[in-house]
Amino acid sequence: MDNNPNNTNNPKKAKELRKVVMASVIGATIEWYDFFLYGVVAGIVFSKLYFPGGDPLVSTMLAYGTFAVGFLSRPIGGVIFGHFGDKIGRKSMLVMTLMIMGISTFLIGVLPTYDHIGYWAPGLLLFLRVLQGIGLGGEWGGAVLMAYEYAPPKERGFYASLPQIGLAIGLCLASGVVAILSYSLSDAQFLSWGWRVAFILSAALVFIGMWIRLNVMETPEFQAVKEKNAETQIPFFDLLKRYPGNVLKGMGARYIDGVFFNIFGVFSITYLTNTIKIARTEALMGVMASAVVMCFCIPFFGRLSDRIGRTKVFFWGSLITGVSSIPAFWIMLNHADNPMLLWCSVIIPLGVLYSAVYGPEAALFCDLFDAKVRYTGISFVYQFSGIFASGLTPIIATYLLKTGNGEPWHIVGYILFASLVSAVSVAMIGRGGSQPDGRMKPAHAR
């Protein structure tokens, strides 16, 4: 009789693991689709319909300001759902986060514009963006935990990387749907009603995700905590008491992830469209192609982290990803007339190299905490650092572009700074507790 709940040689356990992974990937895809859809259209739609003004730069920065608010509210969702996820269970929290995200995204799709309801329009848009952030704040931690805690210990880097594909698929869907609508409709039609279709579609995706998530079991590792009555009274306080160093190092490691993704996956669309003056559809297709490539590269680097060590993959990924911004922006600036080169300047850095950071990241953060505070721990590290690393990045990039007189080199400098911070942080994580083969030693095993 096989009593190991993580043994994938047991057909029943292997089937359950596949179901959990599928539920995590599909749920994460829906959540990221909803969240990034906002970022994709912020600079090209919301700046015109919800923040009209005489200065396009100010309107764009206001639109990106509401994009940033979603990141400000994500730590709230991370702490709330992390608390109950560590007390009640992972599964029930994931059902709630999906509902919050889906409803708020649908309502954005039917929200009247500034011309119809005045200042209520940006106010309500801001409120719905806050709800999106709260939903995603609780979603990410639960999705990766389900896969991580079900997986065999020696394969946790790979399995925890699979829900990370949800980011790539969600971005692909968001940019792809907007690109199709943008290509099929005139500018007037797209601004009038076309963009709304992409948000309203979220309702159908949520029903699919809910059905799948309601049919998975709680993770064996958390069930063991429940059976021993070992839950922490207030997981967040216990986290700060026992793991303050891991929290800080994890947030530092996250820096390049948030900065790089939001410059190449979000800001680049506005940059290529408004500054380089290429067609909006062409810019969107470049980002979408990057997301497709990422779907294959993320699990590759997750598997690599199981074999040679998470900190090693993440360290070199941080540095190489940062340096890749130099040739990428040089190509954008000097070869806008060459579509293939232009697409490569986005696809290679974002689709391939960035995956070396994002692939092992989930398992790296999970290794930092034990099961009693793990949902709270990884959610707080990922979401709180996201305020600075992700949410403010499009605003910072817009400002740096202006200070650089339309040239991107100040932005490149910011990316390089972020890559150094992350590389140093992950090196400190490695020195704090690695196994002989270079992988992080999980917190509960130290």
Side-chain angles (χ1 to χ4, degrees), residues 68 71-72 74-75 78-79 82 137 140-141 144 148 157 160-161 164 167 236 239-265 301-302 305 309-325 353-370 373-397 411-434 438-443 446:
F71 289 91
L72 289 172
R74 277 166 60 171
V79 172
W140 180 85
V144 300
Y148 177 90
S161 74
Q164 300 284 72
L167 175 140
F236 183 68
L239 170 75
L240 297 182
K241 180 181 178 181
R242 294 167 55 208
Y243 299 111
N246 284 6
V247 169
L248 291 174
K249 287 181 281 190
M251 289 194 293
R254 164 92 160 91
Y255 199 16
I256 185 60
D257 163 21
V259 168
F260 197 85
F261 180 86
N262 282 280
I263 284 178
F264 278 83
F301 286 108
S305 77
R310 311 208 208 293
T311 55
K312 189 179 295 184
V313 175
F314 200 102
F315 176 84
W316 289 109
S318 299
L319 295 178
I320 294 170
T321 296
V323 171
S324 72
S325 64
L353 302 179
Y354 167 76
S355 299
V357 171
Y358 201 64
E361 184 178 68
L364 176 73
F365 291 171
C366 287
D367 285 347
L368 293 175
F369 311 105
D370 66 60
V373 296
R374 189 175 289 142
Y375 200 143
T376 301
I378 65 171
S379 296
F380 183 76
V381 164
Y382 189 83
Q383 308 302 353
F384 186 76
S385 60
I387 296 173
F388 313 100
S390 301
L392 296 178
T393 292
I395 298 174
I396 293 171
I411 297 173
V412 169
Y414 181 59
I415 294 172
L416 292 173
F417 170 73
S419 73
L420 286 173
V421 171
S422 292
V424 170
S425 299
V426 82
M428 292 173 66
I429 290 174
R431 286 201 301 270
S434 60
R439 292 196 307 271
M440 274 294 300
K441 184 182 292 184
R446 292 181 202 161

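Residues V313 and A356 share a closest heavy-atom pair of CG1-O, 3.5 Å. Nearest heavy-atom pair across G322 and L416 is O-CD2, 3.4 Å. Scanning both residues, A253 and F365, for their nearest heavy atoms gives CB-CE2, 4.4 Å. Across every non-hydrogen atom of R310 and A363, the tightest pair is NE-CB, 3.5 Å. Across all non-hydrogen atoms, the minimal contact from S390 to G258 is OG-CA, 3.1 Å. Closest approach of L239 and G377 over heavy atoms only: CD1-CA, 3.6 Å.
Put simply, the side chain of Y243 does not reach to within 4.5 Å of the side chain of L248, judged on heavy atoms. Two residues are said to be in side-chain contact when any heavy atoms from C-beta on lie closer than 4.5 Å; S305 and K312 fail this criterion. Looking at heavy atoms from C-beta onward, F388 lies out of side-chain contact with M251 at the 4.5 angstrom threshold. In this structure, I415 and I411 have side chains that are in contact, with non-hydrogen atoms separated by less than 4.5 Å. Using a 4.5 Å heavy-atom threshold, the side chains of I256 and Y354 count as separate.
At least one cation-pi condition fails for R74 and F384: the charged atom is not both under 6.0 angstrom from the six-membered ring centre and inside a 45 degree cone around its axis.
Put simply, the side chain of S385 gets close to the backbone of Y382: a donor and an acceptor are under 3.5 Å apart. In terms of modelled atom types and a separation under 3.5 Å, the side chain of N246 and the main chain of L368 share a donor-acceptor contact. Between the side chain of R374 and the backbone N or O of F369 there is at least one donor-acceptor pair closer than 3.5 Å. Without hydrogens or angle criteria, S379 side chain to T376 main chain gives no donor-acceptor distance under 3.5 Å.
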Could you walk me through whether D370 and V373 pass side chain to side chain contact (heavy atoms under 4.5 Å, CB included), step by step?
CA-CA 6 Å; D370 66 60; V373 296; 4.1 Å; yes
Given the rule in the side chain to side chain contact (heavy atoms under 4.5 Å, CB included) test, do D367 and I429 qualify, once you have shown the distances and angles that lead to the verdict?
CA-CA 10 Å; D367 285 347; I429 290 174; over 6 Å; no
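The side chain to side chain donor-acceptor pair (under 3.5 Å) pairs that include a residue from residues 412-428 are Y255-Y414, where partners are two or more places apart or lie in different chains.
Remark: L353 pairs with I320, T321, S324, I348 by the side-chain contact (heavy atoms from CB on, under 4.5 Å) rule, at least two apart or across chains. Q164 pairs by the side-chain contact (heavy atoms from CB on, under 4.5 Å) definition with W140, V144, I298, Y358, E361, A362, not counting sequence neighbours.
Taking NZ from K249 and OG1 from T311, the interatomic distance works out to 11.5 Å, rounded to the nearest 0.5 Å.
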